[in-house]
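The chain is numbered in sequence order, starting from 1.
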Amino acid sequence: MTKQYTTPAKAVTFGGAILGAAAFGAVLGAATAAARGIRQVKSGQATREDVARDVAREAGSTAVAAGAGVAVASALGLGPVLSAVGVVAVAVGAKYALDSVFRPAPAKAVAVPAKEAAKIPAPKGPAKKAAPAKAAPKNGPAPKSAAKKAAAPKPAAKKTAAKKGAPLKAAPAASAPETAEKA
């Protein structure tokens with residue numbers, strides 16, 4: 001008879017859990033950024049260097065976010081469900097904060113009132129040349145393609161829902177004699 005040796009299960013240490021989550025986060029972040037980057041390079045929207053920089057940034061920020069999530073959830077010592085919710089909540093918050101630091105949102109254009117717009121001087125320098133107009137085809141207008149016909153806007157259906165805040169109409173109440181006759 002063969003003898004089987006078993007070893008007792010070892011509990012994962014606090015630091016080991018954090019490092020494992022950070023490594024998993026780094027792999028996951030790098031994979032998603034690389035998948036997005038491949039499409040951008042093929043379409044000419046980004047260079048390989050830009051994508052490599054983005055992959056490294058995503059891998060690092062996702063690793064930090066995942067490690068922070070596991071660290072906080074482990075320190076709180078909650079049950080499995082609340083720990084999972086805590087990991088997700090902390091990781092999402094950390095990733096959002098890191099992304100806002102490393103990639104600030106582009107400034108939105110601010111609408112300027114007409115009175116103030118008149119006060120702003122016109123930019124000096126050579127004016128931009130307009131693109132030349134395209135010549136019309138010699139054989140007359142081209143027929144519309146089936147895709148353009150299918151994409152034509154359709155008339156909107158009338159909305160029949162009651163307006164918000166409008167009083168609801170009550171169903172007519174049956175009188176006592178009618179109710180007795182039906183029974």
Side-chain angles (χ1 to χ4, degrees), residues 1-113 116-117 120-126 128-131 145-148 150-154 156-157 159 161 164:
M1 174 180 226
T2 5
K3 207 172 194 184
Q4 293 181 346
Y5 295 97
T6 58
T7 57
K10 293 182 180 179
V12 178
T13 61
F14 183 68
I18 295 170
L19 288 175
F24 180 72
V27 169
L28 193 62
T32 56
R36 186 180 339 118
I38 290 170
R39 185 172 291 127
Q40 290 174 342
V41 169
K42 283 185 177 181
S43 68
Q45 294 175 343
T47 64
R48 288 182 180 188
E49 292 79 19
D50 292 339
V51 171
R53 195 176 307 116
D54 187 50
V55 167
R57 183 184 308 127
E58 284 295 315
S61 64
T62 309
V64 170
V70 169
V72 170
S74 296
L76 294 177
L78 303 172
V81 173
L82 289 177
S83 290
V85 170
V87 167
V88 170
V90 172
V92 167
K95 181 73 171 121
Y96 180 80
L98 289 169
D99 283 349
S100 64
V101 168
F102 291 122
R103 284 190 209 158
K108 293 183 179 180
V110 178
V112 179
E116 291 181 26
I120 299 174
K124 295 180 181 179
K128 292 184 179 179
K129 294 181 180 179
S145 67
K148 288 183 180 177
K154 296 180 181 177
K159 294 183 180 179
K164 197 172 187 179

Per-pair distances, 0.1 Å, donor-acceptor, side chain in residues 21-46, under 3.5 Å, sequence neighbours excluded:
unit_1 : atom_1 : unit_2 : atom_2 : d
T32    : OG1    : L28    : O      : 3.2
T32    : OG1    : G29    : O      : 3.0
R36    : NH1    : D54    : OD2    : 3.4
S43    : OG     : R39    : O      : 3.2
S43    : OG     : Q40    : O      : 3.2

Could you list the donor-acceptor pairs under 3.5 angstrom formed between side-chain atoms of residues 79-96 and any protein atom two or more places apart in sequence or on another chain?
unit_1 : atom_1 : unit_2 : atom_2 : d
S83    : OG     : L78    : O      : 3.1
S83    : OG     : G79    : O      : 2.8
K95    : NZ     : E58    : OE1    : 2.9
K95    : NZ     : E58    : OE2    : 3.4
K95    : NZ     : S61    : OG     : 2.8
K95    : NZ     : D99    : OD1    : 2.9
K95    : NZ     : D99    : OD2    : 3.3

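For residues 59-85, no pair satisfies salt bridge (charged side-chain N to carboxylate O under 4.0 Å, His left out), with sequence neighbours left out. Every pair tested for salt bridge (charged side-chain N to carboxylate O under 4.0 Å, His left out) that includes a residue from residues 65-89 fails, sequence neighbours excluded, so the list is empty. For residues 16-27, the set of pairs meeting the salt bridge (charged side-chain N to carboxylate O under 4.0 Å, His left out) definition, not counting sequence neighbours, is empty.
Among residues two or more places apart in sequence or in another chain, the side-chain hydrogen bond (donor to acceptor under 3.5 Å, both in side chains) test is passed with R48 by none.
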